[in-house]
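A short worksheet on the structure shown next.
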Amino acid sequence: MSKKYQSLARDIVKELGGKENITEAYHCQTRLRFKLVDETKVDVAGLEALDGVTKYIFNAGVHQVVIGTHVKDVFEEVEKNVDVSASGEASGEKKGIMTTIIEFVAGTFQPVIPALSGAGMVKAVLALLMVFEVISADSQTYYLLNMFADGVFYFLPMILAFTVAQKLRCNPILAVSVAAIMLHPNWGALVTAGDPVHFFDIIPFTLATYTGSVIPILLVIFAQSYVEKFLNRVIPKSVELVFVPMLTFLVMGTLALAVLGPIGTVLGGYLATFFTFLSVNASWVPAVLIGGFLPIMVMFGLHNGVAPLGVMQMAELGYDSIFGPGCVCSNIAQATASAVVAFRTKDKKLKQLATSGSITAYMGITEPTLYGVNLPKKYPLVAAMIGGGAGGLFAGLTNTHRFATGSSGVPAILLYIGDNTMRFFWNIVIALIISMVVSGVLTYLLSFKFEKEDIPEIKELILEDTRVISPMKGKIIPLSEVHDEAFASEALGKGFAIEPVEGQVVAPFDGTIAAIFPTKHAIGLVSNTGVEILIHVGLNTVELNGQYFDVLVNAGDTVKKGQPLLDVDLASIQAAGYETQVPVVVTNSPQYSSIETIAQGSTDCQEDILAVKV
């Protein structure tokens, strides 16, 4: 959708002094906002001459490029031309610790999704070749295909080290090098040997392998970002090229192998003990817990401590009822949840990601859809966990088990044929159907709440003459008196402004809520007669991040003239140092022959203020 703005985005970045001059980029309802290293590099005349830029404004240290209501599409292309971790839409919500952690993990994985998806599809092809007996498990082709797919997962800590370092603004090459220490074959040999390891005969290193792990490297690079910044601050510039990397390797290598890296392994060891106890005393419980909580276990790398229990059980008893049944139920539940998201969302990028992710998940590889769709969206992850737990419950109660290890996707159902009976095969099929139905239905129902931003596009209307009332009580003033150049110059459209005396915003006509900006300070509406209105409460109030605003409606809602839309704490906004002038502009002004303010002075939201004529 935003491709037509590629050239505009490149030109904007160029006129701002290039991507190296941009430290922060985000957008509000109508304009791009930037923070720069060197303000003298901005070519104001060049910016305002660009076809697509209405105006350039510099205010309170923020460089504003006025675009219009399609600013989000332009920003999508701007993002591709800047390299700053702060890029993004100004958030309107205060985030809790868990939300911040989830968004950090999911954001770290976003650049890795294509590699995970590709590896997952290779695994899927391998599973199908095995099921249809095209190749055997002892063939060189199987060995090589497995290597093609496992390379990404084996070296995942190194790949993640790079993306985490970029996000935390530390040196990505040093981060990858620290990850390489954790994956070095010599360390693997020490772990295999099993003899205690003490650094300088003092510091104990926990014997743990980190191939394919996630949480250990996140912790390590998080710590490295602070260590590296400290070293850069205290070491003289003349020798930092040598001493910063050297000390980083010594400090982080020690912390990684002695403290931070082993955390996931220690937790996994406790988890293994717990599941061993359950397998003896309540054999149906492991399938329920793994079916429900496997996504969380994968996030923290704890599944590596439980999966071997299934292999051990198979070696001893000839079957696995601990890990396999719950794992396949969880994977199928995640795949189904992702498929429903692909069906429900109107975001083309997300639809593509959810579709491909669900395919690989159905084949047993869930990382692409877990980190790319279900975890960021949250509600499909919850639905998948419930669905996986429900399927795992049935598998556990029926004592379902598999007779061989292999894929944990749809092809895995053939692994449940054994003991001269098809009973376990049909049990796992039923368990998977339960997982699919429960997760699919829950995801679909929850999507009506969490996919509200994906409202249908407003149908084209036949424009008619329209009267518009004031959305707030107060004094009507012309746009020219607004203390913001973009509004005062009518660059965003014609209209009027209000000096409000009460903090309630109401609908200025019968129509539909077209958009509510995340920071809640601006609302876009479309009348039943085609007039598009932007109500912008206060000036530069995007910086309040939603504080002092309480939205009473949702995007897509149908509203009546005078219906409350938003409650605003005007006193607190003023106390925070922001002006409370409220511009009300017709954003599709060029479609009308006349837009005239027909009332002046005080208004109580009862009389017509604006006459819009076709």
Side-chain angles (χ1 to χ4, degrees), residues 268 270-298 302-303 305-337 339-340 361-362 364 366 370 374 380-446:
Y270 286 124
L271 203 61
T273 302
F274 175 65
F275 274 94
T276 301
F277 171 81
L278 291 178
S279 67
V280 174
N281 298 280
S283 59
W284 58 273
V285 175
V288 177
L289 294 181
I290 292 175
F293 294 98
L294 183 61
I296 306 301
M297 295 164 65
V298 169
L302 302 181
H303 64 299
V306 180
L309 298 179
V311 178
M312 293 167 56
Q313 186 186 37
M314 187 172 294
E316 184 177 345
L317 303 177
Y319 62 82
D320 163 30
S321 62
I322 295 177
F323 187 76
C327 179
V328 72
C329 287
S330 175
N331 290 353
I332 297 305
Q334 282 210 70
T336 303
V340 173
Y362 276 125
T366 60
L370 170 61
N374 295 349
L381 177 62
V382 173
M385 290 172 65
I386 295 173
L393 177 61
F394 179 85
L397 291 174
T398 55
N399 195 29
T400 300
H401 44 254
R402 61 179 179 174
F403 298 92
T405 58
S407 164
S408 291
V410 172
I413 62 176
L414 299 178
L415 304 178
Y416 291 78
I417 300 175
D419 274 359
N420 297 317
T421 177
M422 294 291 289
R423 177 167 66 91
F424 303 115
F425 172 83
W426 293 117
N427 284 346
I428 199 64
V429 168
I430 294 172
L432 295 185
I433 291 174
I434 292 172
S435 296
M436 292 177 68
V437 171
V438 173
S439 61
V441 170
L442 284 176
T443 305
Y444 185 77
L445 293 176
L446 289 172

Query - Euclidean distance, Leu294 CG relative to Cys327 SG, rounded to 0.5 Å - result: 5.0 Å
Report task. Output all residues satisfying ring-ring contact (aromatic ring centres under 6.0 Å, His included) with Tyr444, sequence neighbours left out; order by chain, then residue number. Result -> Phe448
**Report entry** Arg402 vs Phe323, side chain to side chain contact (heavy atoms under 4.5 Å, CB included): CA-CA, chis, key distance, verdict
**Finding:** CA-CA 9 Å; Arg402 61 179 179 174; Phe323 187 76; 4.2 Å; yes
Report task. Kindly indicate whether the side chain of Ser321, heavy atoms from C-beta on, has any atom under 4.5 Å from the side chain of Pro286. Result -> no
Report summary line: With sequence neighbours left out, the residues meeting ring-ring contact (aromatic ring centres under 6.0 Å, His included) with Phe424 are His401, Phe403
Report task. Specify the closest pair of heavy atoms between Val328 and Ser408, including all atoms of both residues, with the distance to one decimal. Result -> CG2-O, 3.5 Å
Query - Reported CH2-to-OG1 distance for the pair Trp284 and Thr398, which is rounded to 0.5 angstrom - result: 12.5 Å
Query raised in the report: How long is the gap from CD1 on Ile290 to CD1 on Ile322, to the nearest 0.5 Å?
Result: 7.5 Å
What side-chain donor-acceptor pairs closer than 3.5 Å can you find for residues 429-442, not counting sequence neighbours?
unit_1: Ser435; atom_1: OG; unit_2: Gly387; atom_2: O; d: 3.3
unit_1: Ser435; atom_1: OG; unit_2: Ala431; atom_2: O; d: 3.1
unit_1: Ser439; atom_1: OG; unit_2: Ala333; atom_2: O; d: 3.4
unit_1: Ser439; atom_1: OG; unit_2: Ser435; atom_2: O; d: 2.6
unit_1: Ser439; atom_1: OG; unit_2: Met436; atom_2: O; d: 3.4

Query raised in the report: What's the verdict on side chain to side chain contact (heavy atoms under 4.5 Å, CB included) for Leu381 and Leu370, showing C-alpha distance, side-chain angles and the deciding distance?
Result: CA-CA 8 Å; Leu381 177 62; Leu370 170 61; 3.9 Å; yes
Requested in this report: With rounding to the nearest 0.5 Å, note down the distance linking CG in Asn427 to CD1 in Ile413.
Outcome: 12.5 Å
Query - Leu393 CG to Cys329 SG distance, which is reported to the nearest 0.5 Å - result: 10.0 Å
Query raised in the report: Counting only heavy atoms not in Phe293, do more than 12 fall under 6.0 Å of its CZ?
Result: no
Report summary line: Value for CG (Asn374) from CD (Gln334), rounded to nearest 0.5 Å, stands at 5.0 Å
